[in-house]
Amino acid sequence: MLQVYNSLTNQKENFVPINPEQVRMYVCGMTVYDYCHLGHARVMIVFDTIYRHLKSLGYDVNYVRNITDIDDKIIERANQNSEPFEVLTQRFIDAMHDDEKSLGLLAPSLEPRATDHMPNIIEMIQTLVAKDYAYAAENGDVYYRVAKFKGYGKLSGRLLEDLRAGERIAIDQYKQDPLDFVLWKAVKPDEPYWDSPWGKGRPGWHIECSAMSTHHLGNHFDIHGGGHDLQFPHHENEIAQSEACTGEHFANYWLHNGFIRVDKEKMSKSLNNFFTIRDVLKDYKGEEIRYYILTSQYRSPLQYSTAQLDSAHSSLERLYTALRGLEDGEALENSPAEMQFIAAMNDDFNTPKALAVLFELAHDCNRQRDSQPEQALQTAALLKKLGSQLGLLQTEPELWFKGIDTESDMSDDQINDLIAQRNLAKQEKDWAKADDIRNQLSELNIALKDGAQETTWRRK
RNA sequence: GGCUGAGUAGCAAAAUGGUUAUGCAGCGGUUUGCAAAACCGCCUAUUCCGGUUCAAUUCCGGACUCAGCCUCCA
C-alpha cells in the first residue's frame, strides 16, 4: 500500500486515488526566463520518479506539469534583451527540454502553457467575481478576497491573524485587504497583454495553475506537487481560487519536495548561489545528477557539493560494474529484493532505501557471477529493472564505461590497438612495456582492467 | 515575532523501543606479473538535559543549533 506524506495534513496517509485505476497529478513547473538550475532538477527528478513509481503500481497516470510563460520576470528579461517575450520563453523551454533529456526524464502527459489558457483563466476570474470572491479595483487589477474564503491557510497551517501580524505584508492602496492577492494585472506601458472584461492585462501567477489544473484534470484530482517554497502562498492561493470557483475539494494529496542547499542556504535565483543543470553537466553525467538527487528522501534538504556528485559517480560505477557482461537475463518476479524495493518506494518514495536494495543486488551479481552464472543473469536483470523505476541504469554498461568515441583524444580503435600491443608484451612477460602502455592510457583517462579472458577498459 | 521541518559515524543518507542499513572514503586480507575491479573482514554513530520503560538514537517534555515559509522563488 502506497503511503504519501500529505502537506495538507502533515502526516503520511494511505494513497487512495479518486478513480481506482487512474491517478491525476499536477505539478507546478518552471517559469521560463532563464536556464534551469539544480533546484529545478530536483523537482523534475523527484516527480518523474513518483510518476514512474505510480505507473509501476499499475495506475494509468495523467501527469500534468505546467509551464509559466508569462510573468513579470519574463517581461523584464525580454525587455532587457529587446526581444518578444515569446522568443525568450521558447528558447528556455527548448533548453529545459534538453536538460530534461539529459536527466533521463519521461515526458509528462501534458505540459500546458499559461498563454494557451487565457480563456480558461478569464472565465475562472469571472466566476470568482460573480461569486464575490474577487473584485475589480480602480487601477484595473482584479483581486481575490482572501478573508471570504474560510479555508484560507489550511495548507500552510497559517491563521489569517498570524498573516496579518506578519512582518512582510505589502500595503497596496488598491487592495481592500493587504492579504488579497492579484488575479488579473492591468497592462502597463511596454507590456504584452490580453483583452479581458476588466481591460487589457495579464493573469496573476496563481490563477494560471488553478485554471490549467482544473481544465485538464477536473475540479477534484489526486496529487498536486511542487517545491516546498510554493506551499505558501502559491498553493494556498490555488486552493482558495479553485475551491471558491468550483465549490469542490481541489487536490487530495499535496506533495512538496525539499530544497537543494549551498553552504546551508537554499539554492535560489535571488541568492545567486545556483548552479544550472547545464553547468553541472559539463563535469557530470545526467545520470550522476539524478543519482545524487535520489540519495536523499525527496522532502529532506539536500546539500550540494561536488564531493556528493563524485560519490554518485563512484556509486554508479559500482552498479554498472555489476551489470557489465550480464545483459541478457530475465528478471525473476516477486523476489524478496523486489518486494523490499517496492515497500521502500511505497513508503513515501523512500529512494535512499530503494537504492540500498540496488546495492544488495549488485553485491549478489558479483558473488553469483562465476559460481552461478544463470542466477547472476537474473539478478542483473532485476537490478536493471528496478533501476529503471528510478530512471537509472538504463545505459548499456559498455557504453556507460567507454563513453562516446568522440569524447576524448583517443579513439576506441587506437585504444584497442594499444591494448593488443600490451597483451603481446604481457605474453612475452615484458612487464615494463605492459605497464608503460597502461600508464600512457591512464594519462589519457583510460583505465584498464585485466580479466581472465580479456582486457576491458573504460574512460574515467 | 508567527508557522513548518531537521539535528545519525570522515562525508552523504536510511531505519528501528532490545538484533548488519546502504553508498563514498579509510584499514587488513584473498585474488592479480603488478594493478584495477570483485570477494572476505574491519573501522567510526545517533546534539544536550530530563521523563516514561526491564530497555530509547527511536516515545514524551525542555534546551541549544540549523534550515525553510510569512516578498519573486522548485
Side-chain angles (χ1 to χ4, degrees), chain A residues 5 7 10 27-31 33 36-47 68 71-73 76 153 156-159 161-170 179 205 225-234 236 256-261 264-271 274 291-292 294-297 299-303 305 307-319 321-322 324 340 344 347 350-360 362-363 365-367 369-371 426 429-432 434-435 438-439 442 447-452 455-458 460:
Chain A
Y5 185 92
S7 301
N10 282 337
V27 172
C28 289
M30 307 314 139
T31 301
Y33 68 96
C36 293
H37 64 232
L38 236 36
H40 301 118
R42 191 173 192 193
V43 193
M44 292 172 171
I45 289 167
V46 159
F47 284 97
T68 298
D71 92 319
D72 291 355
K73 290 198 168 145
E76 187 187 342
S156 52
R158 283 158 223 260
L159 272 19
E161 48 264 43
D162 292 339
L163 288 167
R164 285 187 208 292
E167 289 171 350
R168 309 194 211 178
I169 303 181
L179 260 32
W205 175 38
H228 191 247
D229 47 1
L230 299 185
Q231 188 175 7
F232 190 90
H234 184 55
E236 195 70 63
H256 293 106
N257 65 276
F259 303 125
I260 293 194
R261 290 183 192 171
K264 296 192 170 183
E265 263 187 332
K266 174 185 174 184
M267 179 182 290
S268 74
K269 287 273 176 62
S270 43
L271 289 168
F274 60 91
Y291 178 95
Y292 153 70
L294 295 179
T295 54
S296 98
Q297 208 270 348
R299 285 186 285 120
S300 306
L302 175 58
Q303 180 64 35
S305 75
Q308 291 319 310
L309 285 160
D310 290 341
S311 175
H313 168 81
S314 302
S315 300
L316 278 172
E317 196 149 272
R318 176 167 169 83
L319 294 175
T321 300
R324 202 173 194 178
Q340 281 173 36
D347 182 12
N350 192 333
T351 52
K353 204 173 176 183
L355 285 172
V357 176
L358 261 40
F359 283 98
E360 303 286 356
H363 197 202
C365 282
N366 291 331
R367 272 188 299 214
R369 176 167 230 114
D370 295 323
S371 55
K426 280 173 67 183
K429 299 204 188 294
D430 184 352
W431 307 126
D435 289 352
R438 187 167 60 196
N439 290 337
S442 181
L448 299 190
K449 177 187 161 193
D450 293 328
T455 299
T456 55
W457 60 272
R458 64 184 170 87
K460 287 193 265 194

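The figures here come from the full heavy-atom set of this structure, side chains too, leaving out hydrogens, waters and symmetry mates.
Within 4.0 Å of Ser156(A), counting heavy atoms only, lie sugar-phosphate atoms of the nucleic acid but no base atom. Residue Leu159(A) is out of contact with every strand shown, counting any heavy-atom pair closer than 4.0 Å.
Distance noted for atom P between rC24(B) and rC39(B): 10 Å (whole Å). Across the C1' atoms, rG23(B) and rC66(B) are found 25 Å apart, a figure rounded to whole Å. Between rC54(B) and rA12(B), the distance separating the two P atoms is 38 Å to the nearest Å. Taking atom C1' in both rU47(B) and rA6(B), one finds a spacing of 12 Å when rounded to whole Å. The P atoms of rA55(B) and rG62(B) are separated by 23 Å, rounded to the nearest whole Å. Distance check on atom C1': rC43(B) versus rG28(B) gives 11 Å, rounded to whole Å.
Separating the CZ atom of Arg42(A) from the P atom of rA12(B) is a distance of 14 Å, rounded to the nearest angstrom. Asn10(A) has its CG atom 10 Å from the C1' atom of rC3(B), to the nearest Å. Atoms OH (Tyr291(A)) and C1' (rU22(B)) sit 8 Å apart, rounded to a whole Å.
One finds a side-chain N or O of Ser300(A) lying less than 4.0 angstrom from the OP1 or OP2 phosphate oxygen of rA14(B).
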(message) Could you write out RNA chain B as dot-bracket? Rules: Watson-Crick or G-U wobble, both distances under 3.5 Å, brackets [ ] for crossings, | for pairs with another strand, dot for unpaired.
(response) (((((((..(((.....[...))).(((((.......)))))....(((((..]....))))))))))))....
(request) Let me have a per-nucleotide readout for nucleotides 37-47 of chain B, 5' to 3', with B, S or -, counting only protein heavy atoms under 4.0 Å. (result) SSSS-------
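In the set rC70(B), rA74(B), rC11(B), the nucleotide with an atom closest to the side chain of Leu163(A) is rC70(B).
Looking at Asp450(A), its side chain comes within 3.5 Å of the base of rC34(B) through a donor and an acceptor atom.
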